[in-house]
Participant: 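Mind looking over this structure? Questions follow.
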There are 2 protein chains.
Amino acid sequence: MHKEHTLTKNQQIIFDIIDKSPEPLKAYSILFNVQKKGIKAPLQVYRALDKLVEIGKIHKIESRNAFIACQNSSCQVAKATAFSICEMCEKVTEISSTGLSKYLTNFKDKEGMKYSKYNLEFFGLCKKCRT
Amino acid sequence: MHKEHTLTKNQQIIFDIIDKSPEPLKAYSILFNVQKKGIKAPLQVYRALDKLVEIGKIHKIESRNAFIACQNSSCQVAKATAFSICEMCEKVTEISSTGLSKYLTNFKDKEGMKYSKYNLEFFGLCKKCRT
DNA sequence: CTTATAAATGTTATATTATTACATAGTGTT
DNA sequence: AACACTATGTAATAATATAACATTTATAAG
């Protein structure tokens with residue numbers, strides 16, 4: 001079993017903001033939002049973000065430089081992530097498909113190499129934006 | 001059939017540097033390398049990069065903010081990309097697996113949504129770094 | 001409980017990555 | 001020539017991220 005991570009003060013503050021947000025948040029937008037709570041410097045935000053990513057509480061959307069809370073309840077480690085991104089409204093959703101994650105986790109390249117981690121980002125138009 | 005894109009002067013200079021490099025290049029490292037050729041400003045580099053990505057001659061490795069020449073001969077459009085990245089030596093290789101690209105191109109999420117584009121990055125240790 | 005160690009914090013400065021805004025020049029039509 | 005379109009040049013600045021160092025807090029070992 002995994003050890004439950006108890007978040008520190010800064011980590012908790014920053015996680016809460018990301019978790020409550022309906023959309024991915026950028027580091028400096030987070031910073032702006034927590035300045036009233038005493039977090040004044042970028043580094044304080046980035047350190048919390050790094051830790052939260054490391055323990056799998058949040059994920060980074062690489063193509064957007066933004067962070068989203070993990071949707072898969074109790075995802076402890078960030079080693080197999082997949083997202084859909086609407087190119088119109090920028091809505092991002094974490095994909096949890098057993099088939100997909102099995103396929104990718106077991107994927108071997110031409111030389112038989114298996115990978116320990118992956119990140120996949122799908123792009124298209126969401127339901128709303130297609131209508 | 002696709003129209004062959006004739007690269008402009010700046011685009012050609014920047015593509016050549018990326019194409020010759022054994023590793024992904026970052027925008028400012030490219031800038032540094034082309035200053036002798038008269039390209040002086042970041043924007044000149046970014047504009048060429050944008051265009052080259054758009055026409056599929058190069059790809060951006062999102063997790064590294066770096067650019068690599070397309071390995072799939074005559075890949076004209078950047079809409080289905082997959083890479084392996086060594087977390088030790090940072091070697092990046094474009095994966096060309098028909099199985100993988102078929103699987104992902106046809107992937108539908110829970111709501112039946114199909115996507116027009118994807119980018120996948122695998123992480124692990126390359127052959128050399130595992131020994 | 002105290003000492004040692006690791007993890008987290010606070011703060012300043014700076015590095016790296018990317019875009020806005022505006023002026024100019026080339027290219028290809030009609 | 002007149003038009004639209006794409007690319008270029010240049011300066012300034014915005015947005016994203018890390019280095020370096022001092023201090024504090026949490027955790028574990030004796």
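Proteins come first, then strands; the chains are lettered A, B, ... in the order of their sequence lines, and each starts at number 1.
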Participant: Taking the six-membered ring for Trp, are A:F122 and B:Y118 parallel (under 30°), tilted (30 to 60°) or perpendicular (over 60°)?
Facilitator: perpendicular
Participant: Report the residue (B:F67 or B:R47) whose heavy-atom-nearest nucleotide on DNA chain C is the more 5′ of the two.
Facilitator: B:F67
Participant: Is there a side-chain contact between B:N10 and B:V34 in this structure, where contact means two heavy atoms from C-beta onward sitting under 4.5 Å apart?
Facilitator: no
Participant: Return the residues of residues 28-42 of chain A meeting this criterion: a heavy atom under 4.0 Å from some atom of DNA chain C. Order them by number, or give none.
Facilitator: A:K40, A:A41
Participant: Taking the side chain as every heavy atom from C-beta outward, state whether A:I85 and B:Y115 have any atom pair closer than 4.5 Å.
Facilitator: no
Participant: Can you tell me if the side-chain N/O atoms of A:K51 get under 4.0 Å from OP1 or OP2 in C:dA7?
Facilitator: no
Participant: Measure CG/A:L43 against C1'/D:dA22 and give the value in whole Å, please.
Facilitator: 13 Å
Participant: Which heavy atom of B:K60 sits nearest a heavy atom of B:E121, and at what distance?
Facilitator: O-OE2, 4.5 Å
Participant: Taking only the side-chain nitrogens and oxygens of A:T8, find out if one of them lies under 4.0 Å from OP1 or OP2 of D:dA26.
Facilitator: no
Participant: Rounded off to whole Å, could you give me the CG-to-C1' distance for the B:L49 and C:dA18 pair?
Facilitator: 11 Å
Participant: State, yes or no, whether a side-chain contact exists between A:D109 and B:T93 at a heavy-atom distance under 4.5 Å.
Facilitator: no
Participant: Heavy atoms, side chains only, cut-off 4.5 Å: are A:C126 and A:M88 in contact?
Facilitator: no
Participant: Send over the distance from A:N10 CG to D:dA26 P, rounded to a whole Å.
Facilitator: 12 Å
Participant: Between atom CD in B:Q11 and atom C1' in C:dT27, what is the gap in whole Å?
Facilitator: 13 Å
Participant: Please confirm whether the shortest side-chain N or O distance from B:K26 to OP1 or OP2 of C:dA15 is below 4.0 Å.
Facilitator: no
Participant: I need the CD-C1' distance between A:Q44 and D:dA22, as an integer number of Å.
Facilitator: 14 Å
Participant: When you measure from the side-chain N and O atoms of B:N65 to the phosphate of D:dA17, is any distance below 4.0 Å, counting only OP1 and OP2?
Facilitator: no
Participant: Take atom CZ of B:R64 and atom C1' of C:dT16, then tell me their distance rounded to the nearest Å.
Facilitator: 16 Å
Participant: Between B:K60 (NZ) and C:dA18 (C1'), how many Å, whole number?
Facilitator: 8 Å
Participant: Would you kindly give the CD-to-C1' distance between A:E62 and D:dA17, to the nearest whole Å?
Facilitator: 13 Å
Participant: Would you indicate whether the side-chain heavy atoms of A:F67 and A:V53 approach each other to under 4.5 Å?
Facilitator: yes
Participant: Would you tell me if any nitrogen or oxygen in the side chain of A:K9 comes within less than 4.0 Å of OP1 or OP2 on C:dG10?
Facilitator: yes
